[in-house]
Amino acid sequence: MVSEAPKRVTLRRSCQACVRGKRRCDQLWPRCSRCQARGSDCEYINIPLPARPDPSNISPRSVRQVIPVSALPIHRPLPLVIMKGYDREIISFLIAGMRRFPIEFAENMKTQFIHPDLCHKREASTVFQNVQSLCKLHTQASQGGNTTALTPLLQQHCAELLRKSGRPASFQELLAIIQSLLILQCLLVLDERADDGPYSETISTMLSNVGRRLWQQAPIQLSHTLSPREAWLFAESVRRTIIVAFMLRSVYSLLKRNYSVRTPFVDSLPFDVRTPLWDTEHEDWDDTTPASLENMVSLQQYSTLLDSGAVHGISPFSALILAACKGKAVSDVPYPPVTGYKTY
């Protein structure tokens with residue numbers, strides 16, 4: 001069965017009433033002439049551009065009705081988002097998976113988006129050591145059932161990391177700062193004892209901004225001093241950190257408002273389908289394996305492969321992607337015969 005092609009974002013500026021009536025719309029704001037005459041509501045999907053009137057059609061009576069461009073209200077463009085509700089089981093799975101990140105980081109300084117082999121680099125070691133200490137304190141406090149006392153300290157450290165992110169010494173340090181910030185945000189926004197708190201648009205915007213900043217400032221070429229393994233881990237860390245920033249934003253929205261907030265930007269993020277390489281030990285790494293763009297797909301393409309059952313052996317990180325992007329659990333994937341699997 002051929003899947004239905006995704007709907008394109010419309011750039012139409014005619015009002016909805018004129019579109020339904022298949023009439024020409026003069027796109028006046030806030031109501032076009034046709035809706036004004038009919039006394040009907042005039043709704044635009046996109047705010048119309050101010051159009052200059054045709055001088056040949058202007059009569060002396062209508063001159064006073066022409067609104068100067070300077071008098072038109074200026075509206076900020078609305079961010080294009082996708083809102084989607086998920087089953088409670090999927091929401092619980094996503095929350096539990098992202099709550100594991102600080103616990104795993106406290107144990108061995110490794111998560112599904114932070115690799116320990118990069119944590120000991122000079123630009124990142126101090127940043128990660130401080131955050132690991134906070135994660136250990138939070139784990140101990142959780143065992144005693146009292147994490148509230150740590151909240152001000154976590155918030156203070158997050159604010160400090162945000163300030164440092166404005167003047168990093170290198171991109172490697174910026175990556176470490178944002179990764180550490182995401183770990184602490186997993187503790188703060190997914191705190192079981194703060195689940196009844198109000199939704200904060202500031203937190204949502206911050207998570208979106210740090211993800212976009214990594215995407216915009218990521219180096220095009222990697223240093224020749226990096227080994228093939230280090231180069232792959234570095235590039236993959238950047239990709240996964242961007243994904244986790246937007247995934248945490250989505251999970252935060254699901255937790256507080258029961259629906260996910262995503263943008264088309266997220267769907268276009270690159271993803272390396274060779275997920276087992278993340279856990280490959282140094283001695284098992286094959287430096288002769290050439291890098292190839294054939295292994296790279298968009299996040300949307302990868303989540304579709306997962307959803308269709310075309311990926312064999314779904315990793316824990318891939319399971320989170322499947323849940324966040326498609327709202328499905330691994331157990332819900334209709335696996336085809338073994339011969340139908342993709343070999344990644």
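Both backbone and side-chain heavy atoms feed into the values below; hydrogens, waters and symmetry mates do not.
Contact record, Arg34 with Ala17: NH1-O, 3.6 Å, taken as the closest heavy-atom pair. The two atoms that bring Val238 and Ala218 nearest to each other are CG1-CB, 4.2 Å, heavy atoms only. Taking both residues in full, the closest heavy atoms of Ala106 and Thr139 are given as CB-OG1, 4.1 Å, listed atom of the first, atom of the second, then distance. Shortest non-hydrogen contact noted between Pro270 and Trp215 is CD-CZ3, 3.2 Å. Closest heavy-atom contact between Ala169 and Glu173: N-OE1, 2.5 Å. Here the closest non-hydrogen pair linking Ala319 and Ile314 is N-CG2, 3.6 Å.
Distance check: Cys32 SG to Gln36 CD gives 9.0 Å after rounding to the nearest 0.5 Å. The distance from the CD atom of Gln132 to the OG atom of Ser125 is 12.0 Å, given to the nearest 0.5 Å. Distance check: Leu153 CG to Cys158 SG gives 10.0 Å after rounding to the nearest 0.5 Å. Distance check: Ile178 CD1 to Leu214 CG gives 3.5 Å after rounding to the nearest 0.5 Å. To the nearest 0.5 Å, atoms CD (Gln172) and OG (Ser237) are separated by 11.0 Å. In this structure, the separation between CE on Met98 and CD on Gln185 is 11.0 Å, given to the nearest 0.5 Å.
Considering only heavy atoms from C-beta on, Leu190 comes within 4.5 Å of Leu248 through its side chain. Counting heavy atoms from C-beta outward, Tyr302 and Thr275 have side chains that approach closer than 4.5 Å. Residues Asp279 and Lys110 form a side-chain contact, since some pair of their non-hydrogen atoms from C-beta on lies under 4.5 Å apart. A 4.5 Å side-chain heavy-atom check between Leu184 and Leu181 finds every atom pair outside the cut-off. Met296 places none of its side-chain heavy atoms less than 4.5 Å from the side chain of Val273. Counting heavy atoms from C-beta on, the side chains of Arg257 and Tyr252 never come closer than 4.5 Å. Counting heavy atoms from C-beta on, the side chains of Lys256 and Val189 never come closer than 4.5 Å. The closest side-chain heavy-atom distance from Pro116 to Asn108 is not below 4.5 Å.
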Run Leu306 and Lys326 through side chain to side chain contact (heavy atoms under 4.5 Å, CB included) and show every step you take. CA-CA 9 Å; Leu306 293 171; Lys326 299 297 184 180; over 6 Å; no
Can Cys15 and Gln27 be said to form a side chain to side chain contact (heavy atoms under 4.5 Å, CB included), step by step? CA-CA 7 Å; Cys15 74; Gln27 302 177 16; over 6 Å; no
Start with the C-alpha gap between His138 and Cys135, add the side-chain angles, then the distance that decides, and say whether side chain to side chain contact (heavy atoms under 4.5 Å, CB included) holds. CA-CA 5 Å; His138 190 275; Cys135 290; 5.6 Å; no
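Clustering ILVMFWY residues whenever any of their side-chain heavy atoms sit less than 4.5 angstrom apart, transitively, puts Phe234 in the very cluster that holds Trp278. Ile103 and Leu154 end up in different hydrophobic clusters when Ile, Leu, Val, Met, Phe, Trp and Tyr side chains are linked at under 4.5 Å. Taken together through direct or relayed side-chain contacts under 4.5 Å among Ile, Leu, Val, Met, Phe, Trp and Tyr, Val333 and Ile90 form part of one hydrophobic cluster. Criterion: ILVMFWY side-chain heavy atoms under 4.5 Å apart, direct or through other members. Under it, Phe171 and Leu269 are part of a common hydrophobic cluster. Under the 4.5 Å side-chain heavy-atom criterion for grouping Ile, Leu, Val, Met, Phe, Trp and Tyr, Leu161 is connected to Ile203 within one hydrophobic cluster.
Using a 4.0 Å cut-off between charged nitrogen and carboxylate oxygen, Arg229 and Asp117 count as a salt-bridge pair. Using a 4.0 Å cut-off between a side-chain N of Lys or Arg and a carboxylate O of Asp or Glu, Arg239 and Glu236 qualify as a salt bridge. A salt bridge does not link Arg240 to Asp272: none of the charged nitrogens lies less than 4.0 Å from a carboxylate oxygen.
A parallel orientation is assigned to the rings of Phe271 and Phe317, their planes being inclined by less than 30° (bins at 30° and 60°).
In this structure, Tyr86 has its ring center no closer than 6.0 Å to that of Tyr259.
In this model, a donor atom of one side chain and an acceptor atom of the other lie less than 3.5 Å apart for Ser250 and Ser260. Side-chain contact of Ser318 with Ser315: a donor-acceptor pair under 3.5 Å is present, judged by distance alone. Side chains of Arg249 and Ser204: a donor on one and an acceptor on the other come within 3.5 Å. There is no side-chain donor-acceptor pair under 3.5 Å between Glu104 and Thr111.
Annotation: Gln156, atom CD; neighbour count of heavy atoms from other residues, nucleotides and ligands within 6.0 Å does not exceed 12. Heavy-atom neighbours of Arg23 CZ from other residues, nucleotides or ligands within 6.0 Å: at or below the threshold of 12.
Judged by distance alone, the side chain of Ser308 and the main-chain N or O of Leu305 form a donor-acceptor pair under 3.5 Å.
Remark: of the listed residues Leu182, Val131, Leu175, Ile183, Ile183 is the sole one forming a side chain to side chain contact (heavy atoms under 4.5 Å, CB included) with Ile114.
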